[in-house]
There are 2 protein chains.
Amino acid sequence: MAYSASPIIDHFAGPIGQARLSLEDVFATRVSEFCHAGHSIFWEGDVASDTFRVSEGVLRLYRILPDGRRAITGFAFPGDVLGLAFHDRYFYTAEAVTTVRLRRFPHGRLQALAADCPHLHYEILQVIANELGAAQEQMVLLGQKSAEERVASFLLMNGLRVAKDRSAPIVFDLPMTRLDMADYLGLTIETVCRAVTKLRQAGLVSLEGRHKVFLHKPDELARFAGQDDSGCPGMIKVTHQASWPRHAMANLNDELEPAASRTCDHSH
Amino acid sequence: MAYSASPIIDHFAGPIGQARLSLEDVFATRVSEFCHAGHSIFWEGDVASDTFRVSEGVLRLYRILPDGRRAITGFAFPGDVLGLAFHDRYFYTAEAVTTVRLRRFPHGRLQALAADCPHLHYEILQVIANELGAAQEQMVLLGQKSAEERVASFLLMNGLRVAKDRSAPIVFDLPMTRLDMADYLGLTIETVCRAVTKLRQAGLVSLEGRHKVFLHKPDELARFAGQDDSGCPGMIKVTHQASWPRHAMANLNDELEPAASRTCDHSH
DNA sequence: AATTCCTGTTACAAAATGTTACATATCCTC
DNA sequence: GAGGATATGTAACATTTTGTAACAGGAATT
């Protein structure tokens, strides 16, 4: 909060402050910093004074339970921005998996910029909303999927970061360790290994060294992973729990509303 | 997107639009609707045209996997607002556990209001940031905690919604079914029952009927649940993984920065 | 008040995952 | 490039969780 004004930044506060600033613009004004593998940018519980944008490299984001268990809540890749939730303290530790290049921007000052620039504010909201979507996806994975499904999902998710086309084989690099994967997927190292072996035997994936992955049939892998296809319009899913009637809700008209209360009368 | 203007709302768009609007204010202008137990407000995959604020009652929020498994990603209680992530489609189904009273506000118009009122925009961001925090907490629970720890965490979490004081016994109502709890905690009904029984035998909780819960020793229950104490300043945790050096990062000074790159040199 | 249905509980067998132990591969330093 | 340290892979065994099934209890209806 007591940061001295930097001329590099101050032009944002002027009339240009109303321009369509993007997060990328904001961070572009800052110098690069480096964080080597195994070192941390910040720790869980630290006062959250800065936000960070990753330029190169990968971070693991984790929390530690009182008894020492480690839960990796996510990984940060180039382009990702950390600390945008504007909490008082960081909720997780951010540790470099590989050497990371990043830029930082002060928390409070970014908030001030966002207050003056709705577009920037909206972009921040979008980033957090996407993180929330990813977190919910992960909740589904951790709560409902088997070990093999989790590993398949993880490989596919990382593959699709590189190539969006599921119909063609994908080759990519997986920088994190097996322990990272395990702590992210809620499994042990051994279970991860077993699952990878099975996927290899099924001809769906193969490995070269520890970190290079080949997805031979991403499409089939997706089906195997129990990938949720929701959001694909026209896709009707058969379910066997109290969740059948998927017909679209119709009464979303928004005329001048009647004074009386309405009732959601969607059949069960 | 083709909503006709409503006079009830339009005064927000005028000069008053710059006032410190709160989400509560915005929804207060709308009529109440009711949704009876078992019925849904919206479905996963529906086009997201409205946001909702719960006035009374409880909703379960869930996604369905292609093979029918149900993952409850959360519950919505009075005061909670749904749909603020402004995605094109709802990512989950919102179904009433009890009869629910709620108010709705059109997606696009709320976005427009937020663009004119930084305070409102900021409040929306806070809501999503809190949801994100809860989702990460849940990821830790699902990935790292045992069945009994999960149930203990769940009971405690719901108890603390009513009473913030962990040192005194808590009595509260748990409106959802055992199946809801199971699908939320990534367990089966039977495992939930067994866990509850053990907690009962340990003298930590007791039940009256299906939905009334007594937490006799919330403090002890919290310890049992492996509750993360992070965020409590001065709390140093002993860990046994690659996460030891928890000393605070010091070089967060933010002077006019040197042109050269810096390095995060926190020891590992 | 009795019946019926639904939800919740318990016991035991089965499956999945975690543990332990050790072999092998890869990485890093010298 | 040698050698040690670390990470990974595999297998046998232990534990936890699940699946199945039978039963108990509560609420709503008759």
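Because the structure is predicted, anything quoted here is derived from the model rather than measured.
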**Request:** Begin from the C-alpha positions of A:Phe214 and A:Phe172 and carry the test ring pair (Phe, Tyr, Trp, His ring centres under 6.0 Å) through to its verdict.
**Result:** CA-CA 7 Å; A:Phe214 298 77; A:Phe172 65 100; 9.1 Å; no
**Fill in**
Ranking D:dT17, C:dG8, D:dG9 by distance to the side chain of B:Leu187, first place goes to D:dT17
**Message:** Working note: A:Arg178 + A:Glu190, criterion salt bridge (charged side-chain N to carboxylate O under 4.0 Å, His left out); need CA distance, chi angles, decisive distance, verdict.
**Reply:** CA-CA 9 Å; A:Arg178 292 289 185 270; A:Glu190 293 84 348; over 6 Å; no
**Spacing between A:Gln201 atom CD and D:dA11 atom C1', to the nearest angstrom** = 13 Å
**Request:** Report yes if at least one side-chain N or O of B:Thr191 is closer than 4.0 Å to OP1 or OP2 of D:dT16; otherwise report no.
**Result:** no
**Request:** Measure the distance from CD on A:Glu149 to P on C:dT17 and round it to the nearest whole Å.
**Result:** 9 Å
**Fill in**
note: B:Asp180, atom CG; C:dC6, atom C1'; distance rounded to Å ~ 14 Å
**Request:** Name the nucleic acid region contacted by B:Arg150, choosing base, sugar-phosphate or nothing; use a 4.0 angstrom heavy-atom cut-off, strictly under.
**Result:** nothing
**Message:** Can you measure B:Arg69 atom CZ to D:dT18 atom P for me and round it to whole angstrom units?
**Reply:** 13 Å
**Item:** Given DNA chain D, 5'-ward residue of the pair B:Glu190 and A:Cys193, judged by closest heavy atom
**Value:** A:Cys193
**Prompt:** So is B:Arg60 actually on top of B:Tyr184's ring, under 6.0 Å and inside 45° of the axis?
**Reply:** no
**Request:** For A:Arg210, report the nucleic acid contact type (base, sugar-phosphate, nothing); a contact means any heavy atom under 4.0 Å.
**Result:** base
**Message:** Judged by each residue's nearest nucleotide on DNA chain C, which is more toward the 5′ side, A:Gly209 or A:Gly186?
**Reply:** A:Gly186
**Item:** A:Asp219/A:Lys217 ion pair, N-O < 4.0 Å
**Value:** no
**Fill in**
Atom NE2 of A:His211 and atom C1' of C:dC27 are separated, to the nearest Å, by 9 Å
**Request:** Indicate whether OP1 or OP2 belonging to C:dT17 is found under 4.0 Å from a side-chain N or O atom of A:Thr188.
**Result:** no
**Prompt:** Once you round it to whole Å, what is the distance between P of D:dG26 and CD of B:Glu208?
**Reply:** 11 Å
**Request:** Assert yes or no for the condition that the ring centre distance of B:Tyr62 to B:Tyr92 is strictly below 6.0 Å.
**Result:** no
**Prompt:** So does A:Arg194 reach the base of C:dG18 with its side chain, donor to acceptor, closer than 3.5 Å?
**Reply:** yes
**Message:** Taking only side-chain N and O atoms of A:Arg178, does any of them lie within less than 4.0 angstrom of OP1 or OP2 on D:dT10?
**Reply:** no
**Complete:** Here the distance between atom P of C:dT9 and atom CG of B:Leu179, to the nearest Å, is 13 Å
**Distance, rounded to the nearest Å, where B:Leu174 contributes CG and C:dG8 contributes C1'** = 14 Å
